[in-house]
Amino acid sequence: SIAVQPDGKIILAGGSDWEVSRTTLARFYPDGSLDSGFAPTVTTALGGPARIDNVVLRANGKLLNGGTFRLVNGQSRVGLAQLNSDGSLDTDFVPSADITWNGTFALVPEGKVVASGFSTNLELILVRLLPTGELDSSFELEQLPVYECSEVGTNELQRSPKFIST
């Protein structure tokens with residue numbers, strides 16, 4: 001996944017065999033040279049390589065990241081984390097620890113996020129988060145279809161309030 005910041009710097013997310021500080025996120029200057037000052041550490045619980053599948057630049061300049069990881073800069077974040085523009089963890093955005101986020105999300109108006117993951121019972125869930133990462137209790141689905149797969153792909157919000165899962 002790629003995001004471009006207003007100053008032209010390019011955020012590249014994914015997974016690689018780079019040193020641990022670069023396994024999932026790197027930032028490049030507009031000329032293509034590596035920005036060595038941007039070095040968030042994103043790992044699994046055992047310190048191994050992780051993966052970021054979805055990175056989006058928010059209107060406030062922060063980077064919302066989703067993927068397969070457990071720690072960001074040494075702090076617990078399971079599959080969903082927000083970084084400040086300098087790569088430090090945004091500690092004001094704290095998604096629920098009761099959900100195993102699968103890295104799938106879409107930005108919606110008012111700074112909210114619709115995200116999917118798995119409950120503690122391993123049920124697929126779709127929730128809306130407030131700008132702080134807290135669950136938005138005003139968002140309730142009447143029924144959520146049961147999927148026979150272990151993971152859902154990228155969620156995109158259409159202009160009408162319907163979701164597509166690919």
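Residue numbers run from 1 in the order of the sequence given.
Under the 4.5 Å side-chain criterion, counting only non-hydrogen atoms from C-beta, Val114 is not in contact with Val127. Two residues are said to be in side-chain contact when any heavy atoms from C-beta on lie closer than 4.5 Å; Phe69 and Thr43 fail this criterion. With a 4.5 Å cut-off on side-chain heavy atoms, Ile11 and Leu63 count as touching. The side-chain heavy atoms of Leu71 and Thr41, taken from C-beta on, include no pair separated by under 4.5 Å. Side-chain contact between Phe118 and Ile125 is absent, with no heavy-atom pair separated by less than 4.5 Å. Between Arg77 and Val42, every side-chain heavy-atom pair lies at or beyond the 4.5 Å cut-off. Residues Phe105 and Val56 are in side-chain contact: their nearest non-hydrogen atoms beyond the backbone lie under 4.5 Å apart. Contact of the Leu80 side chain with the Asn65 side chain is not registered, since no non-hydrogen atoms from C-beta on lie closer than 4.5 Å.
Side chain of Trp101 to backbone of Thr68: no donor-acceptor contact under 3.5 angstrom is found.
Hydrophobic clustering (ILVMFWY, side-chain heavy atoms < 4.5 Å, transitive): Leu129 and Leu107 are in one cluster. Note: the hydrophobic cluster containing Leu135 also contains Val113 (ILVMFWY, side chain heavy atoms under 4.5 Å, direct or indirect links). If you chain together hydrophobic residues whose side chains sit under 4.5 Å apart, Leu89 and Leu57 fall into the same group. Leu64 and Val78 fall into different hydrophobic clusters, where Ile, Leu, Val, Met, Phe, Trp and Tyr side chains are chained together by heavy-atom contacts under 4.5 Å.
Contacts of Ser138 classified as side chain to side chain contact (heavy atoms under 4.5 Å, CB included), with partners at least two apart in sequence or in another chain: Arg128, Asp136. For the side chain to side chain contact (heavy atoms under 4.5 Å, CB included) test, residues two or more places apart in sequence or in another chain that qualify with Glu134 are Leu130, Thr132. The side chain to side chain contact (heavy atoms under 4.5 Å, CB included) check on Ser85 picks up Gln5, with sequence neighbours excluded. When the side chain to side chain donor-acceptor pair (under 3.5 Å) test is applied to Asp90, the partners found at least two apart in sequence or on another chain are Lys62, Gln82. Applying the side chain to side chain contact (heavy atoms under 4.5 Å, CB included) criterion to Ser88, with sequence neighbours excluded, gives Asn84, Asp86. The side chain to side chain donor-acceptor pair (under 3.5 Å) check on Asp7 picks up nothing, with sequence neighbours excluded.
Heavy atoms of other residues, nucleotides or ligands lying less than 6.0 angstrom from CZ of Arg58 number more than 12.
Taken to the nearest 0.5 Å, the CG atom of Asn54 stands 5.0 Å off from the OG atom of Ser1. From Tyr29, atom OH reaches atom NZ of Lys9 across 5.0 Å, with rounding to the nearest 0.5 Å.
In this structure, Gly117 and Ile99 approach most closely via the heavy-atom pair CA-CG2, 4.1 Å. The minimum heavy-atom distance between Gly87 and Pro40, with the atom names listed, is O-CB, 3.4 Å.
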Inset, instruction - Kindly indicate, with the supporting measurements, whether the criterion side chain to side chain contact (heavy atoms under 4.5 Å, CB included) is fulfilled by Leu83 and Leu25. - result: CA-CA 11 Å; Leu83 300 178; Leu25 282 172; 3.3 Å; yes

